[in-house]
Amino acid sequence: MVLQDLGRRLNSALQSVSASSSIDEQALDAVLKSVCAALLESDVNVLLVKRTRERVKKLVLPQLEQIQAKQGTEHDAMAGNKAKQLIHKAIFDELVALVDPGDDAPPAFNPVKGKTQVIMMVGLQGAGKTTTCTKLATHYQRRGLKVALVCADTFRAGAFDQLKQNATRAKVPFFGSYTETDPVAISLQGVQKFRSERFDVIIVDTSGRHRQESELFDEMCQIQDAVEPDMTVLVLDGAIGQAAEAQSQAFKEASDFGAIIVTKLDGHAKGGGAISAVAATHTPIIFIGTGEHLHDLEKFSPRPFISKMLGMGDMAGLVERAQEMAMANPERQENMMKKLEKGEFTVRDLKEQMQTIMNMGPLSNLTSMIPGMGALMGGDTEAEAAKRMKRIAFIFDSMTTEELDSDGALFRDATPAASGKGKGKGKDKGTVATTGGAKGAKGKAVATPKGAAASDSDSDGDGDASSEPDLDPLGAREPNRRVLRVARGSGTSVQEVEELLAQHQMFAKMAKRMGGKNGMMGKLAQRGMGRPGAAAGAGGMPAGMPPLGPGGMPDLSKLSPAQMRAMQNMLPPGARDMLSNPGALQQMQQMMGGLGGGGMGGLSGMGGMGGMADMLKGMMGGAGGR
Ligand SMILES: Nc1nc2c(ncn2[C@@H]2O[C@H](COP(=O)(O)OP(=O)(O)OP(=O)(O)O)[C@@H](O)[C@H]2O)c(=O)[nH]1
């Protein structure tokens, strides 16, 4: 996770405010002391730290005095909460200001399809240019752009091989030469070649030097003159801390670069210093490097960055990732939407959703985007999650087509593995064909203890208590023969298979509740909404439903409390109980408010954000738990 230590220290400082009984100037000083110490340790410039401290104090103190004056008239606890919120907000805003290049920074560069745009990457040796070039190429490729790489690094032996290797792995076309020694000639040839082939984005990797040498700058300017880039990006090593300011100034004077990518923010304590130093030069940071792998590149935006660092998530970023994936496969998205409208969710759907999530990058990146989930990650959990995902993939791969395309009921067939009954194909088909078969199976032999059955009774009052088969409590009976076969075939345990199936059942139930004529998806479908590409606002919403976000889904930030409650009723009892906690509705609205009006757009085909969070939770510790 990016700047994990700094995030942890800042977070614990903020938590100390929440925990303290009296909020006064002394308490404010104490928290500011901890915040400033954490920033200084991350190599943030001492003057910037001082400015942060002064600005928070200037803003908070007068308001704190006002709150204290009212303490007699207002409920003390309420006044205390107000003061705590005030301090949290002021510190959060100042941390954002610390990494924000300000309004006068040039706007972010967004390459578009159908037009050739050249990006030139510059930086010192070892900053991570070559690695970042491939990461950036993958990023744009995932957005449907045609991208190519040009290696103009003739200085470092092996640079072309490195780019070639990376590009091949990422399946990005590349251009370079083992014999040509003139970087200007190579870059020009490469750019001309890919221009003529109508590539959308051409990324030119230039050579680095150990220090800011005049040769490097001369070469940079010559390449710049030759290829006329639409954007020059400086790649900066985050490990250099506040020295980033001098480095970016030197590059700025030599060549007019438009944006910065700060790399290696995954492991270096000085990253906070580098980011704040760059922001101080009013240059936009467009991405940050968060690891050595292809997907370890994150879009940088000050507010979500601080939010994620403090473990508060980045829902907008998560929505964007999901939209990206939806864009990559609109057909699959469309099919999923149609199924959800009908309230269907097969085992194969779960398999595809999990694959989608895996394609979105490392799980730790995703979990840090979900408020509170980042805290669940730590140490080597990432590796464990990856291992678990592999086992889940083996489980799916061991299923037959019939099983994958089923609603999972045939795995709940009452016939135990040892009985040898029900082996006939005909019986299997009969079981799969209708949920009626599954209902029958449940009625016949599922050894669900009464208490367990009661826990999932018809508490939503929709009269369908008996219509949804439940999985038996794990280990309470002989496993189903299919479950046993899948476990054996995948080299996993019966428990792992059953837990995955239980997860599928939970999603299928949710889909059933949301689908159908009267479910939310059905209502959207009646108006031709919710599908990828459905125009925002087209057709209007059913009576009482909130306005639509750009993805065609309701903008949850605009829901009234009554509408939120109505939506709650569509959720399974467990999720509903969670939301019935005091303040949970407001929290959810607040969280959705952070989506910038985008609502849940684009996530529709992913089973909704709640579904995604649950799925991630399942991967991190739920399914299998080993
Ligand atoms: N942990 C981590 N390592 C990174 C990141 N970006 C790059 N690296 C590593 O940094 C080292 C140098 O990266 P390169 O891409 O070769 O650097 P370069 O700037 O192209 O170097 P020259 O071609 O010599 O100028 C490699 O080992 C990369 O794997 C990052 O975001 N995080």
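Positions are given from 1 along the sequence. Atoms within each ligand, like the ligands themselves, are counted from 1 in listed order.
Set against the non-hydrogen atoms of Gly289, the atoms of ligand 1 under 4.0 Å away are 31 (O). Those atoms of ligand 1 that come under 4.0 Å of a heavy atom in Asp153, given as number and element, are 23 (O). Residue-ligand proximity, Gln162 to ligand 1, at heavy-atom distances under 4.0 Å covers atoms 14 (P), 15 (O), 16 (O). Near Thr290, meaning under 4.0 Å from one of its heavy atoms, ligand 1 places the atoms 31 (O). Listed by atom number, the atoms of ligand 1 under 4.0 Å from Thr130 heavy atoms are 15 (O), 18 (P), 20 (O), 23 (O).
Ligand 1 has Ala127 within reach: a non-hydrogen atom of the residue lies less than 4.0 Å from it. Within the 4.0 Å heavy-atom shell around ligand 1 one finds Gly291. Using 4.0 Å as the threshold, Asp296 has no heavy atom nearer than that to any atom of ligand 1.
With Lys164 contributing its side chain and Cys151 its backbone, the two residues share no donor-acceptor pair below 3.5 Å. In terms of modelled atom types and a separation under 3.5 Å, the side chain of Ser301 and the main chain of Arg303 share no donor-acceptor contact. Formation of a donor-acceptor pair under 3.5 Å by the Asp200 side chain with backbone atoms of Lys113 is not found in this model.
Looking at Thr131 against ligand 1, both its backbone and its side chain come within 4.0 Å, counting heavy atoms. Of the heavy atoms in Lys135, only side-chain atoms (C-beta onward) come closer than 4.0 Å to ligand 1. The residue Thr132 has no part lying near ligand 1, judged by heavy-atom distances below 4.0 Å.
A salt bridge is defined here as a Lys NZ or Arg NE, NH1 or NH2 lying under 4.0 Å from an Asp or Glu carboxylate O, and Lys264 with Asp296 fails to meet this definition.
Not a single N or O atom of Thr263, backbone or side chain, sits closer than 3.5 Å to an N or O atom of ligand 1. Taking any N or O of Gly126, backbone or side chain, at least one lies under 3.5 Å from an N or O belonging to ligand 1. Ligand 1 has no nitrogen or oxygen under 3.5 angstrom from a nitrogen or oxygen of Ser207. Between Asp205 and ligand 1, a contact under 3.5 Å exists for no N or O pair.
For the pair Thr131 and Thr263, the minimum side-chain heavy-atom distance is 4.5 Å or more. Between Leu136 and Met121, the closest side-chain pair of non-hydrogen atoms falls below 4.5 Å.
Within 6.0 Å of NZ in Lys390 there are 12 or fewer heavy atoms belonging to other residues, nucleotides or ligands.
Side-chain contact of Lys252 with Thr281: a donor-acceptor pair under 3.5 Å is absent, judged by distance alone.
The aromatic rings of Phe300 and Phe305 sit tilted, their planes meeting at an angle between 30° and 60°.
Listed by first and then second residue, the ring-ring contact (aromatic ring centres under 6.0 Å, His included) pairs that reach into residues 166-190 are Phe160-Tyr178, sequence neighbours excluded.
With atom 2 (C) of ligand 1 as the reference point, the heavy atom nearest to it among Asp266, Leu297, Ile288, Leu124 is part of Asp266.
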